[in-house]
Structure formats: structure tokens, C-alpha cells
Visitor: 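I'd like to ask you about the structure that follows.
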Amino acid sequence: MSHQTPIETGRPWKAAVILRSYTASLVMSLVGIAGVGFLSIAAPAADDGSALKGLEAPASSERPWATPDLQNYANVLATQKEPEADAQKDYELAELIDLAERIHPETKVAWEHAKSAASAVGLAKSQYYPMLALQASADYARQSSPVPLTLNKSDFMNIEGQQVSPVVELEWVLLDFGRRSADVTGAKNQLLAANLGFNAHHQEIVFKVQSAFYELSKARGRIDVAQSSLNSANKVLEAAQERFKNGLATAPDVSQARQQAAQAAFDLEAVQVEERDAQVYLAEAVGILPTTPLRVVDFSRLPIPTNLEASVDNFIDKSLKQRPDLLAKVAILRQKEAEIKKARSAYYPTLALQGDVGGSFQRAQVELEDHTAPWTSSQEPTWGVGLSLTWPIFEGGARKRKLEIAKSESEAARHELEDSRDKAISQVWQYYSDTKLAISRLDVAAALLDASQKSYDQTFESYKNGLSSLVDVLSAHRALSQAKYTQLNTRATVLESTAALAFASGDLGPQLLNRKPGTMSFEP
């Protein structure tokens with residue numbers, strides 16, 4: 001099985017999902033990757049280290065630490081980036097998601113982690129290859145030794161020698177009872193978990209952008225409702241004032257109508273604050289600064305599902321097959337199992353082939369009395385080959401403890417997987433129920449709005465003709481405003497709950513955007 005990293009930050013890592021005998025019935029088989037680009041940011045200038053000279057801990061806990069000149073550090077934070085969003089464009093939801101996947105820092109961080117995990121696989125595989133090293137030594141020596149020349153005379157002999165010995169050494173582990181295999185298996189599962197984590201980050205970003213988009217759209221919808229309510233309240237106030245001029249209404253009636261208009265104006269200001277907060281939330285979800293202008297379209301243009309064609313069991317099965325966070329936990333479990341295999345293999349010996357080839361280049365000169373012998377030299381090749389067996393007999397129980405740690409970590413990973421699986425099933429069940437209930441309230445909310453609108457229109461018309469009281473008009477006006485909010489919230493709840501259901505099922509994109517209006521289906 002070949003393991004690769006995602007080739008870009010802007011698209012999720014593509015993989016084929018296969019159901020097998022994994023614990024919790026989960027397994028992942030890699031099939032490929034695809035993408036179109038990566039946004040790079042110029043690295044900040046290197047620090048000369050001047051701020052670190054003489055650096056010490058704070059003198060005491062009573063006063064803040066006096067910081068040195070950290071302008072080089074501050075320059076990193078002050079780095080400016082070109083605005084990624086087009087201030088003149090009205091973004092659709094799908095376009096916002098595409099923008100977030102391309103520029104969000106979290107996808108770039110996850111991508112680098114995946115690349116690091118891929119390098120770790122290559123590092124583990126490198127243990128299967130021999131290690132070749134070049135060593136060379138050079139020596140120079142001069143030594144004097146006493147030499148008896150006759151029974152009564154002696155002198156010193158000076159010996160001067162030079163030697164160079166280059167050697168190429170080879171060591172190749174031939175047998176290790178599964179140590180290297182366990183390392184490679186563990187590294188591959190770490191890479192798989194990193195790739196799936198990369199997909200999980202994309203999934204979270206998609207869900208956050210959807211949620212923020214719906215919140216902003218709902219806030220703007222509430223502004224429209226509040227503005228409509230204010231307009232209606234002003235009309236009621238005008239009608240009350242007109243009737244008061246004609247002697248058909250009392251001063252308290254005018255005061256009540258004015259109070260209703262003031263309350264509507266206050267409500268409008270309150271929802272405008274909600275819109276500002278929603279704009280900040282959307283900017284954070286996309287990965288841009290809140291100061292960046294961002295225009296989005298009204299969510300009323302999105303299709304609203306009116307039924308769920310699939311059963312909750314189908315959504316649960318889909319979640320167990322493709323949720324990247326769940327599959328990543330399976331990969332982590334497999335990596336922990338590989339560590340158990342490696343810990344067990346430590347009880348067995350390792351067998352390695354060792355060899356060396358080189359040469360010894362020497363020359364020497366002897367001086368005795370006043371005579372100096374000519375330089376003599378030798379050039380001799382050297383080589384050797386053999387097998388090395390290493391088998392630790394006693395190490396104070398270290399191997400036993402490492403095996404116990406590996407087993408405990410494997411069991412912990414297994415329990416975490418089971419807990420995550422159960423929570424995922426609960427999430428799918430909850431979001432499925434929320435979606436079903438929200439869809440069922442669509443017709444009720446529409447009927448409520450229609451009835452409230454007719455009631456208000458008829459009551460207001462009757463009031464202008466003197467057939468209804470102001471209390472009836474104000475009551476009908478409040479009921480109409482509440483009905484408008486109810487329909488707006490119901491539509492937003494349907495979209496939010498379907499997005500949450502798609503997220504819990506492991507879908508990486510806004511599924512409703514590519515479906516025909518009125519349905520939310522499941523393709524096995």
C-alpha cells in the first residue's frame with residue numbers, strides 16, 4: 001500500500017473507504033490525491049539574536065519582567081497579507097467554503113503535519129537499507145629510543161612515522177524479528193491518521209462556514225423583520241394620531257402606539273448588533289480578518305429540504321464508513337498495536353552483516369648517530385567481513401515495562417475509539433431528529449405567518465374604520481412580528497440542522513447545494 005500526503009491545503013485528501021474487520025467496523029484504504037494550489041507567505045527576516053544576549057529570568061515575582069528591544073519579533077506579527085476576499089463580490093455559500101479551504105491557516109498547519117508524517121514513513125523504511133560510512137585517520141609520530149652501540153657506548157635512535165588509513169565501513173541489519181516492520185507499520189498509520197486529520201480540518205471548516213453563514217443570514221433576516229415591524233408600528237402610530245385629531249381615540253391610545261413604535265426601533269438596533277457579531281464570526285470561520293469587507297448573498301436563495309429520504313440507520317452507517325476523525329482513531333489504534341509488536345521484538349536478537357574495506361599508507365625514517373636512513377613506505381589494502389549478533393540478556397526490566405506501556409496505550413486507544421464511535425452515533429441520531437422536527441415545522445410556521453398577516457391586515461383596517469380597538473391592533477402587530485421571526489428561525493434551523501447532520505455523517509461539503517430542492521437523500 002502506498003501512502004502519500006495531500007498535495008495542497010485547499011482541498012481535502014481523497015481516499016476510498018472500505019468496510020472491513022476493524023474494531024467498530026472501520027478501515028481506510030488510500031486511493032489518491034488531487035488539488036490545484038497553495039498560497040505561500042514570505043518568511044520573516046532572520047533574527048540576529050541580539051535580543052537574546054544576556055537574557056535572564058525575572059528578578060522577582062513582584063514586578064513584570066522588563067522586556068528588551070523585540071522589534072524583530074514584533075515585525076513578524078506586523079506582517080501584512082494581501083486581502084484574500086474580493087470586496088466587490090457577493091459570495092455564495094459554496095464560494096465562501098472554497099475560499100476558506102484555500103486560505104484558512106488550520107488547513108495549512110494540518111497539511112504540514114501530513115507532510116511530516118510522510119517523511120516519517122520514509123525514515124522508518126530507511127532502516128531496511130545498509131549503512132555505509134567513510135572513515136579516515138591520519139597520524140604523525142616522532143619517537144626517540146636509546147640504542148646500545150657497543151658495550152661502553154650508546155646513542156639515541158629517532159624514528160619518524162606518518163600514516164593515513166581510509167576505510168569504508170558497511171553495516172546491514174539482516175534480521176531483527178519485526179522491529180523495522182513495526183516501525184514502518186506504525187509510521188504508515190500515523191500518516192493515515194494525519195491525512196484523515198487533514199480531511200477532518202476541512203470538514204470542520206466547512207461546517208463552521210456554513211454555521212456562520214446561516215447565523216449572519218438569520219441576523220440580516222431579523223433586521224428585515226425588525227424593519228418591517230418598525231414600519232408597521234409607525235403606521236399604527238400615524239393612524240392613532242389621526243384618530244386622536246378627529247376625536248376618535250384617546251391620549252393613552254396614542255401613547256401606547258408610540259411606545260410600540262419605540263420598542264420596534266429598539267429591537268431594530270438590537271438585531272443590528274447581532275449582525276455585527278455574526279460578521280466577525282463568519283470572518284473567523286473563513287480565515288480572514290474581521291476588518292476585511294465581505295459581502296454575502298441572502299440564504300433565502302438556498303433550497304430548503306422538505307423531507308429526509310434516508311433513514312437514521314443509513315446516516316449512522318455512512319458516518320461509520322467515512323467520518324475522518326473516527327477512521328483516524330482506527331489508524332492510531334493500529335499504530336499502537338505496531339508499537340506492541342516492536343516492544344515484543346526487543347526480546348529477540350538482531351543479526352547484522354558488517355564489513356570494511358580500505359588501505360593503510362605508511363612511511364617511516366630512522367636517524368641514528370649522524371646517519372639518516374632514507375624514507376621507507378608501504379601501501380597495504382585492508383578488508384574484513386563478518387556477522388554480528390546482539391542479544392540483550394538483562395536490562396533491568398526495561399523491555400517488560402516498554403511492553404506494558406505499549407499495551408496500555410493500545411487499550412486506551414481502543415476505548416477512545418469505542419467512545420468516539422458511540423458519540424458519533426448519538427450525534428447523528430440527535431441531528432437527524434432535529435432535522436426531522438425542523439422540517440415538520442416548516443408548514444406550521446408558514447401557516448402561522450399567513451394567518452397572522454391576515455389577522456393584522458383585517459384588524460388594522462377595522463381599527464381605521466373604528467370597528468376595532470387599538471389594543472387589538474397592537475396585539476395583532478406583535479403576533480405578526482412573532483410569526484415572521486418564527487418562520488425565519490424555522491428556515492434557519494432546517495439549514496443548520498441539515499448542515500450538522502452532514503457534518504456528523506462525515507460529508508466534506510455542503511450537500512444540500514448540489515441536490516434538487518426539497519430533498520435530502522442518501523447515496524449508499
Side-chain angles (χ1 to χ4, degrees), residues 2-5 115-148 155-188 190-191 338-339 341-403 406:
S2 63
H3 289 254
Q4 298 175 318
T5 61
K115 289 168 60 180
S116 175
S119 298
V121 173
L123 179 62
K125 288 182 177 179
S126 67
Q127 299 177 81
Y128 280 98
Y129 297 93
M131 180 171 26
L132 195 64
L134 173 63
Q135 292 186 350
S137 61
D139 299 310
Y140 171 80
R142 181 179 177 87
Q143 183 176 1
S144 297
S145 300
V147 177
D155 203 344
F156 287 90
M157 178 177 64
N158 296 321
I159 303 176
E160 183 177 355
Q162 300 172 359
Q163 178 180 350
V164 177
S165 301
V167 179
V168 177
E169 295 185 346
L170 172 73
E171 183 174 1
W172 194 351
V173 177
L174 303 177
L175 181 65
D176 62 0
F177 292 93
R179 286 180 178 85
R180 293 170 295 179
S181 174
D183 284 338
V184 172
T185 301
K188 286 183 176 180
Q190 284 182 329
L191 172 58
E339 290 182 0
K341 180 180 177 181
K342 180 180 179 181
R344 285 174 174 164
S345 67
Y347 283 94
Y348 299 95
T350 58
L351 182 65
L353 173 66
Q354 294 181 335
D356 62 81
V357 60
S360 178
F361 304 92
Q362 306 176 16
R363 72 172 189 162
Q365 186 181 56
V366 178
E367 295 181 3
L368 182 61
E369 290 188 321
D370 296 331
H371 301 283
T372 300
W375 286 95
T376 60
S377 62
S378 66
Q379 300 179 5
E380 296 294 335
T382 61
W383 61 273
V385 65
L387 295 174
S388 173
L389 179 69
T390 303
W391 197 344
I393 302 301
F394 179 74
E395 71 321 308
R399 289 174 294 184
K400 180 181 179 181
R401 300 297 176 251
K402 290 179 180 179
L403 181 58

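Basis for what follows: all heavy atoms, side chains included, without hydrogens, waters or symmetry-related copies.
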Visitor: Has the side chain of E339 got a donor or acceptor atom that lies under 3.5 Å from a matching backbone atom of A343?
Guide: no
Visitor: State whether a side-chain donor-acceptor pair under 3.5 Å links Q162 with D139.
Guide: no
Visitor: Specify the closest pair of heavy atoms between A187 and A120, including all atoms of both residues, with the distance to one decimal.
Guide: CB-O, 3.8 Å
Visitor: Walk me through it: do Q127 and D183 pass the test side-chain hydrogen bond (donor to acceptor under 3.5 Å, both in side chains)?
Guide: CA-CA 9 Å; Q127 299 177 81; D183 284 338; 3.1 Å; yes
Visitor: If I take atom OG1 from residue T185 and atom NZ from residue K342, how far apart are they, to the nearest 0.5 angstrom?
Guide: 11.5 Å
Visitor: Just by modelled atom types, is the S345 backbone N or O under 3.5 Å from a matching donor or acceptor in the R179 side chain?
Guide: yes
Visitor: Answer yes or no: does atom OH of Y348 have more than 12 heavy-atom neighbours from other residues, nucleotides or ligands under 6.0 Å?
Guide: no
Visitor: Given side chains that start at C-beta, do those of V164 and P166 come closer than 4.5 Å, heavy atoms only?
Guide: yes
Visitor: Go through the side-chain N and O atoms of E160 and Y140 and say whether any donor and acceptor fall under 3.5 Å apart.
Guide: yes
Visitor: Measuring from atom OH of Y347 to atom NZ of K402, what distance do you get when rounded to the nearest 0.5 angstrom?
Guide: 10.5 Å
Visitor: Can you list the steps and then say if Q163 with S165 is a side-chain hydrogen bond (donor to acceptor under 3.5 Å, both in side chains)?
Guide: CA-CA 7 Å; Q163 178 180 350; S165 301; 3.1 Å; yes
Visitor: Judged by atom type as modelled, is there a donor-acceptor pair below 3.5 Å linking the side chain of W172 to the main-chain atoms of Y128?
Guide: yes
Visitor: Looking just at side-chain N and O atoms, do Q362 and S360 make a donor-acceptor pair shorter than 3.5 Å?
Guide: yes
Visitor: I'd like to know if E367 and R142 make a salt bridge, using a cut-off of under 4.0 Å between side-chain N and carboxylate O.
Guide: yes
Visitor: Closer than 3.5 angstrom, by distance alone: can the side chain of S126 be matched with the main-chain N or O of L123 as a donor-acceptor pair?
Guide: yes
Visitor: Do F177 and P349 come within less than 4.5 Å of each other through their side chains, counting heavy atoms only?
Guide: yes
Visitor: Report yes or no: do E380 and T382 form a side-chain donor-acceptor pair below 3.5 Å?
Guide: no
Visitor: What heavy-atom pair brings G386 and L353 nearest, and what distance separates the two atoms?
Guide: O-CD1, 3.5 Å
Visitor: Could you pull out the closest heavy-atom pair between Q365 and T372, with the gap in Å?
Guide: NE2-CG2, 3.5 Å
Visitor: Is the closest side-chain donor-acceptor distance between T350 and D176 under 3.5 Å?
Guide: no
Visitor: Side chain to side chain contact (heavy atoms under 4.5 Å, CB included) for Q354 and L170? Distances and angles first, verdict last.
Guide: CA-CA 6 Å; Q354 294 181 335; L170 172 73; over 6 Å; no
Visitor: Restricting to non-hydrogen atoms, name the atom on E169 and the atom on D356 that form the minimum distance, rounded to 0.1 Å.
Guide: CG-CB, 4.0 Å
